[in-house]
Number of protein chains: 2
Amino acid sequence: MARAGLSPRAVVDAAIAVVDADGPAALTLAAVAARTGVATPSLYKHVAGLGELRTLVSLRVLEEVGEVVNAAAVGRSGDAAVAAVMQAWRRYVLDHPRRYMLLPLAPHADPMLEAAAKRLLEVFFAVLAGYGLGGADAVHAIRRLRAAVHGFASLEAAGGFAMAEDVGTSFDGLVEMVVASLRPPGDQAHPAVVGRR
Amino acid sequence: MARAGLSPRAVVDAAIAVVDADGPAALTLAAVAARTGVATPSLYKHVAGLGELRTLVSLRVLEEVGEVVNAAAVGRSGDAAVAAVMQAWRRYVLDHPRRYMLLPLAPHADPMLEAAAKRLLEVFFAVLAGYGLGGADAVHAIRRLRAAVHGFASLEAAGGFAMAEDVGTSFDGLVEMVVASLRPPGDQAHPAVVGRR
DNA sequence: GCCCTTAGGCTAATACCGTTAGCCACTGGG
DNA sequence: CCCAGTGGCTAACGGTATTAGCCTAAGGGC
């Protein structure tokens with residue numbers, strides 16, 4: 001019989017296709033095997049098991065989010081950078097709502113996810129450096145940013161906003177809320193457009 | 001043989017105990033049956049199946065959150081009410097992190113959850129009325145509030161805040177961020193302490 | 001061009017889960 | 001005291017992950 005020519009990479013691709021099609025709960029070795037045209041046990045030649053596959057899918061999602069967020073941040077600073085990062089984050093969720101549900105919330109706990117999480121964190125730190133935030137203040141600011149954008153994203157991905165009002169408008173308000181909390185008290189203006197590295 | 005004296009209520013109680021002990025993924029009919037000292041199929045006399053049990057557990061969580069949030073809001077208004085509501089929300093998460101992961105994100109979609117969701121929403125609307133917010137502005141404000149508090153809560157419940165800085169301090173900043181976004185632009189003061197019903 | 005190693009597929013078998021069907025005993029009311 | 005129904009049970013089925021063991025296609029060394 002002709003070989004299927006699978007690889008760990010291809011297995012994860014198929015797994016993501018399953019998630020996108022039928023949601024995170026449908027991510028099963030049997031479904032992935034069916035999609036790749038292979039018997040279920042064959043997947044073990046490429047992946048240690050369902051647990052590892054889940055982790056690999058989460059890693060992929062984390063990397064993809066890191067990618068788009070990083071891309072949104074380059075060449076921008078201050079309010080514009082924060083807004084771009086948040087918009088990019090939401091865009092990812094709108095493009096891949098099912099997939100987003102597998103974003104790991106505590107990636108630092110898993111060695112496989114650690115590096116990708118660090119990269120995302122560094123983008124945040126770089127963006128916040130433009131506000132003169134550092135040390136503990138930067139950590140608290142990043143937590144506000146992360147909580148706001150992830151909270152909104154997870155709710156929107158799950159279809160949690162039922163009322164008729166435009167969700168994009170709500171998100172604009174969220175961005176403004178976060179941005180305002182980064183500015184020094186009493187400062188209504190945008191911070192220096194020339195960011196710092 | 002002596003009867004176990006189960007009831008739908010008791011089954012949900014046991015299910016919540018399972019979740020609190022071993023996490024949402026461990027919520028299985030077999031685990032609940034073991035905990036209640038009954039064979040697995042016996043549970044079907046009280047609950048339609050695993051799916052319904054999950055919904056009932058989610059309903060319980062939603063009701064509990066609604067309870068503590070409502071309790072926090074009574075007798076308060078303005079910034080104090082918003083702060084109290086958010087603090088109560090977080091307290092629930094700290095007290096029951098595993099359980100919180102089953103909070104339904106789109107409760108309006110399920111008839112069983114709809115009423116409990118409505119109650120929570122009404123608390124939010126009442127709290128925001130003290131800021132003179134109504135109509136679309138209130139909806140956008142509620143979405144900001146919900147995104148911020150749920151985002152923070154879900155991250156904290158999952159153990160997502162790895163860095164050493166005090167998480168409570170971060171949360172205080174989150175509350176301040178939300179509160180500031182509710183005040184009219186340029187207004188640094190707290191809104192009228194005399195809230196409206 | 002042949003052989004031999006190995007990677008990548010397979011089937012068979014096990015264990016655990018949810019679910020359904022059908023049986024039986026305890027319980028409480030007439 | 002009887003009897004109907006509720007709430008338990010066992011048996012059986014299908015789907016799932018996982019392990020073991022086999023077998024063959026693929027590709028490099030001679």
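So that the names make sense, note that chain A is the first sequence line, chain B the second, and so on, each numbered from 1. None of the values given here were measured: they were computed from a predicted structure.
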S.K.: On DNA chain C, nearest-nucleotide positions of G5(A) versus A31(B): which is more 5'?
M.R.: G5(A)

S.K.: Once you measure the plane-to-plane angle for F152(A) and F161(A), does it fall in the parallel (<30°), tilted (30-60°) or perpendicular (>60°) bin?
M.R.: tilted

S.K.: For V178(A), run the side-chain contact (heavy atoms from CB on, under 4.5 Å) check against L145(A), V149(A), D79(A), V85(A) and tell me which one passes.
M.R.: L145(A)

S.K.: Hey, is the side chain of H46(A) poking within less than 4.0 Å of OP1 or OP2 on dG9(C), counting only N and O atoms?
M.R.: yes

S.K.: Rounded to the nearest angstrom, tell me the gap between atom CZ in R54(B) and atom C1' in dT19(C).
M.R.: 14 Å

S.K.: Given atom CG of L43(A) and atom C1' of dA17(D), what is their separation to the nearest angstrom?
M.R.: 11 Å

S.K.: Quick check on DNA chain D: between L29(A) and K45(A), whose nearest nucleotide comes earlier from the 5' end?
M.R.: L29(A)

S.K.: Can you check the Y44(A) OH to dT19(D) C1' distance for me, whole Å?
M.R.: 8 Å

S.K.: Remember a base hit wins even if backbone is also touched, and classify S42(A) as base, sugar-phosphate or nothing at under 4.0 Å, heavy atoms.
M.R.: base

S.K.: Using a 4.0 Å heavy-atom cut-off across all strands, classify A30(B) as base, sugar-phosphate, or nothing.
M.R.: sugar-phosphate

S.K.: So, are D22(A) and R98(A) salt-bridged, with charged N and O less than 4.0 Å apart?
M.R.: no

S.K.: On the 0 to 90° scale, with breaks at 30° and 60°, tag the W89(A)-F124(A) ring pair as parallel, tilted or perpendicular.
M.R.: parallel

S.K.: Counting just side-chain N and O atoms, does T28(A) come under 4.0 Å of either OP1 or OP2 of dA17(D)?
M.R.: yes

S.K.: Expressed as a whole number of angstroms, how long is the span from E52(A):CD to dT19(D):C1'?
M.R.: 16 Å

S.K.: Over how many whole Å does the gap from L6(B) atom CG to dG7(D) atom P extend?
M.R.: 9 Å

S.K.: L50(B) CG to dC16(C) C1': how many Å, rounded?
M.R.: 14 Å

